[in-house]
Protein chains: 2
Amino acid sequence: MAIRPAEQLIHKAAWLYYAHGLRQDEVASQLNISRASVAMYLRKARETGIVNISTSTQLFTDDVMARRLEDAFDLGAVWIAPENAYLADPSTDIAVLAASVFLELVKKGDRIGVAWGRTVYTIADIMSYADLQDVTVVQLCGNLGAPYSYRPDQCTMEIARRLNAKGLNFYAPLVLSTEDLAQGLRAEPVIRDQLAGIADCDLALYSVGAVDADSHLVKCGALSAGEMEALRSQGAAGVIAGQIIDAKGEVLDCSYNRRVISAELASLRAIEKRLMVVQEDTKFEPLLAAIAGGLCTHLVVGAHMAERLLQHAGAASKKAS
Amino acid sequence: MAIRPAEQLIHKAAWLYYAHGLRQDEVASQLNISRASVAMYLRKARETGIVNISTSTQLFTDDVMARRLEDAFDLGAVWIAPENAYLADPSTDIAVLAASVFLELVKKGDRIGVAWGRTVYTIADIMSYADLQDVTVVQLCGNLGAPYSYRPDQCTMEIARRLNAKGLNFYAPLVLSTEDLAQGLRAEPVIRDQLAGIADCDLALYSVGAVDADSHLVKCGALSAGEMEALRSQGAAGVIAGQIIDAKGEVLDCSYNRRVISAELASLRAIEKRLMVVQEDTKFEPLLAAIAGGLCTHLVVGAHMAERLLQHAGAASKKAS
DNA sequence: ATGCAAATTTGACTTTTGTCGAGAGCCGTG
DNA sequence: CACGGCTCTCGACAAAAGTCAAATTTGCAT
């Protein structure tokens, strides 16, 4: 390499360009390098989080519907992604919004709990880089054994990477074959400490899974489609951090749940800010369950889902007008 | 106007451009407007604080000198603006850095105390816009009667405007002609409340003034050059929020100070983060006094001043090596 | 030492963005 | 209802930023 473009140099370029408002060629002559290099440094600066470009998510909360949702379900804050055939992919829109909201909620020194799933990974993937100091990202549940693209540890690490934060992975499988083994493993100091540390998080990021054959739990082989169906008839309403919850948002009493290594719901509820993001319209019931269980304080959904939620709330309260 | 380019539209454009990464012409076709309009919206979005571009000030604190200063003077954080003949105006560099640091320190819901002076106004002037919610900017001291460019209320309002925050001005003159009148005015409910509210601030921004004929106090006619000189011989070492302090950073016992309507130093010390910014090298002694008086926890200075401070600290501790 | 590989820098080119003045729509006023 | 004044919009041009392949430099292993 010619001269390692020390972080120092990138920083200087970014500083002159973004803070002082110089043009790239001015920066180039200040630093005695070519303008092309400056352009490259600036890209790096953005990718590293040395410069932060964030757009306010205000308008998505200012929405009337968002306010009504907050009231109806007693949520701290709701963001609604408009699905006005804006962009090619509406679910990307939700993820982009969620990433912005997430970055807005993170503060220096925070401890962040991250679950897994397609939604979480999508968010991690499009999230812009930031240079948070002293941030720790902890994995909320055990890993899936199978090599799978949206693995819990991947979600955790990717988000940690984007934030320039420390990632704390869970070195245990999500689900074990016997309850005894799971219990034993939970008692292991390493695991126990990690589980205990979850309640100390300041912020959690997760989605909720549906109880059907499309669930990642089935795709990863943690449960068969048949077992899933059976659980459904036993009252399973959704999946949170790898655990099956019922319609009230409580852990379902079943063998599977007892074999899982994951954050206790009580620990999750102890987290101040619980950001739940739901992309698919099909996850209506799981979301209701999660809300009922007090598992989310901050919610990001699409307009369509928001409407359904409001309708449901209206019907439930039986108040005409 | 043709169609008020509702904030909504600006926001949408900013969202598509900055969050989704579309090009301006793509945004234009999405929104069915010309690309030129998009460019204009985006500028407005930046000016309004709907989008935030901030560059990390990390590197300025990472400096070895900054660390040594923090240790030597027991400060929370120090930022040093390099004065390597980088830019035309070194003091602008300090102000730009200070503005970034300030924005980094502000949080939603904060209450911010702002003093006045050339430095503070310069910072306000170059500070980029932000869209903080529920932020209140309070004026730390009374106003100068004379129409003067760096008036306390101007500093307060300008910063409030940049932050999209509420500005709380002080409707009293900085200095009165008799001590009795000052005392009476301080007891006025409006004034008393404002003074009492200062200790509740989360963040303060000020500089320190020199005790000489160039002081704004002299230029505004609050004190004559002769009086200033006299105060100097009585031990005046600097000016904070319109008050004269001695070398220990305490309020100097003099008639002038008793006639001033301003934040008590105790209130200032009660503020968690006290950001002091010093541009001029001539303010060495005033700065020492302010530091001695515990009036700053966060400091932004130029490299030259930083060196002088370190030399002083080294000499004071008499430790060779 | 010497050469290879990787990474950085650069100049030239293309694409994207910023800006200006002209024009058009809206509003209050005479 | 015509008229200025105002702001917003658009097209066209100028400026700036992004990009690529080639050249250069450097680190490292042989």
Side-chain angles (χ1 to χ4, degrees), chain A residues 1-56 59 84 86-88 92 96 126-129 161 164, chain B residues 1-56 59 84 86-88 92 96 126-129 131 161-162 164:
Chain A
M1 46 197 98
I3 291 158
R4 163 154 292 120
E7 186 132 309
Q8 189 102 359
L9 202 47
I10 297 181
H11 195 284
K12 274 183 186 173
W15 186 250
L16 292 173
Y17 186 75
Y18 286 107
H20 281 274
L22 301 195
R23 267 177 289 119
Q24 290 192 355
D25 51 308
E26 294 180 297
V27 176
S29 66
Q30 283 278 350
L31 265 48
N32 280 95
I33 50 179
S34 78
R35 203 188 53 69
S37 295
V38 173
M40 199 208 58
Y41 287 170
L42 293 180
R43 178 158 33 79
K44 257 183 191 165
R46 283 184 301 257
E47 283 170 359
T48 323
I50 288 177
V51 319
N52 244 32
I53 302 186
S54 63
T55 82
S56 160
L59 219 72
N84 310 330
Y86 242 2
L87 284 157
T92 301
V96 171
I126 52 126
M127 177 157 47
S128 60
Y129 294 78
R161 195 173 70 85
N164 253 308
Chain B
M1 51 198 94
I3 292 158
R4 160 157 293 118
E7 187 134 309
Q8 190 102 0
L9 202 48
I10 297 181
H11 196 284
K12 274 184 187 171
W15 187 251
L16 292 174
Y17 186 76
Y18 287 107
H20 282 273
L22 301 195
R23 267 176 292 121
Q24 291 192 354
D25 51 318
E26 293 180 297
V27 175
S29 64
Q30 283 278 351
L31 266 47
N32 279 95
I33 51 178
S34 78
R35 203 190 51 70
S37 296
V38 173
M40 198 207 56
Y41 288 170
L42 293 180
R43 179 158 35 77
K44 256 180 191 165
R46 284 184 301 257
E47 283 170 358
T48 324
I50 288 177
V51 318
N52 245 27
I53 303 185
S54 64
T55 81
S56 158
L59 218 71
N84 309 332
Y86 243 1
L87 284 157
T92 301
V96 171
I126 51 126
M127 176 155 47
S128 60
Y129 293 78
D131 191 19
R161 193 174 71 84
R162 302 269 171 158
N164 252 306

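These numbers come from the heavy atoms of this one structure, side chains and all, not from hydrogens, waters or symmetry mates. Quick note on labels: first sequence line is chain A, next is B, and so on, each numbered from 1.
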Respond yes when some side-chain nitrogen or oxygen of [X] is under 4.0 Å from OP1 or OP2 of [N], and no when none is.
{"X": "A:Gln24", "N": "D:dG18", "value": "yes"}
{"X": "B:Tyr41", "N": "D:dC8", "value": "no"}
{"X": "A:Ser34", "N": "C:dT9", "value": "no"}
{"X": "A:Arg46", "N": "D:dG18", "value": "yes"}
{"X": "A:Tyr17", "N": "D:dA17", "value": "yes"}

When you get a sec, tell me which of [options] is the closest nucleotide to the side chain of [X]?
{"X": "B:Arg23", "options": "D:dG18, D:dC8, C:dT16", "result": "C:dT16"}
{"X": "B:Ala36", "options": "C:dT17, C:dT19, D:dG18", "result": "C:dT19"}
{"X": "A:Asp25", "options": "C:dG18, C:dT10, D:dA17", "result": "D:dA17"}
{"X": "B:Ser37", "options": "C:dT8, D:dA17, D:dC10", "result": "D:dC10"}

What is the distance, to the nearest angstrom, from the [atom1] atom on [X] to the [atom2] atom on [N]?
{"X": "B:Lys44", "N": "C:dG18", "atom1": "NZ", "atom2": "P", "answer": "15 Å"}
{"X": "A:Leu31", "N": "C:dT8", "atom1": "CG", "atom2": "P", "answer": "16 Å"}
{"X": "A:Glu26", "N": "D:dA16", "atom1": "CD", "atom2": "C1'", "answer": "11 Å"}
{"X": "B:Arg35", "N": "C:dT17", "atom1": "CZ", "atom2": "P", "answer": "7 Å"}
{"X": "B:Gln8", "N": "D:dC8", "atom1": "CD", "atom2": "P", "answer": "16 Å"}
{"X": "B:Ile33", "N": "D:dC10", "atom1": "CD1", "atom2": "P", "answer": "7 Å"}
{"X": "B:Tyr18", "N": "C:dT17", "atom1": "OH", "atom2": "P", "answer": "10 Å"}
{"X": "B:Met40", "N": "C:dG18", "atom1": "CE", "atom2": "P", "answer": "12 Å"}

Are [X] and [Y] side-chain neighbours, meaning at least one heavy-atom pair lies under 4.5 Å?
{"X": "A:Arg46", "Y": "A:Arg43", "result": "yes"}
{"X": "B:Val27", "Y": "B:Tyr41", "result": "no"}
{"X": "A:His20", "Y": "A:Trp15", "result": "yes"}
{"X": "B:Val38", "Y": "B:Leu16", "result": "no"}

- Donor-acceptor under 3.5 Å (A:Asn52 side chain, B:Asn52 main chain):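 Between the backbone of B:Asn52 and the side chain of A:Asn52 there is no qualifying donor-acceptor contact (under 3.5 Å).
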- Contact class for A:Leu42 vs. all strands (heavy atom < 4.0 Å): base, sugar-phosphate, or nothing? nothing
- Query: Touch check for B:Arg43, heavy atoms < 4.0 angstrom, all strands: base, sugar-phosphate only, or nothing?
  - Reply: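 Sugar-phosphate, no base atom in range.
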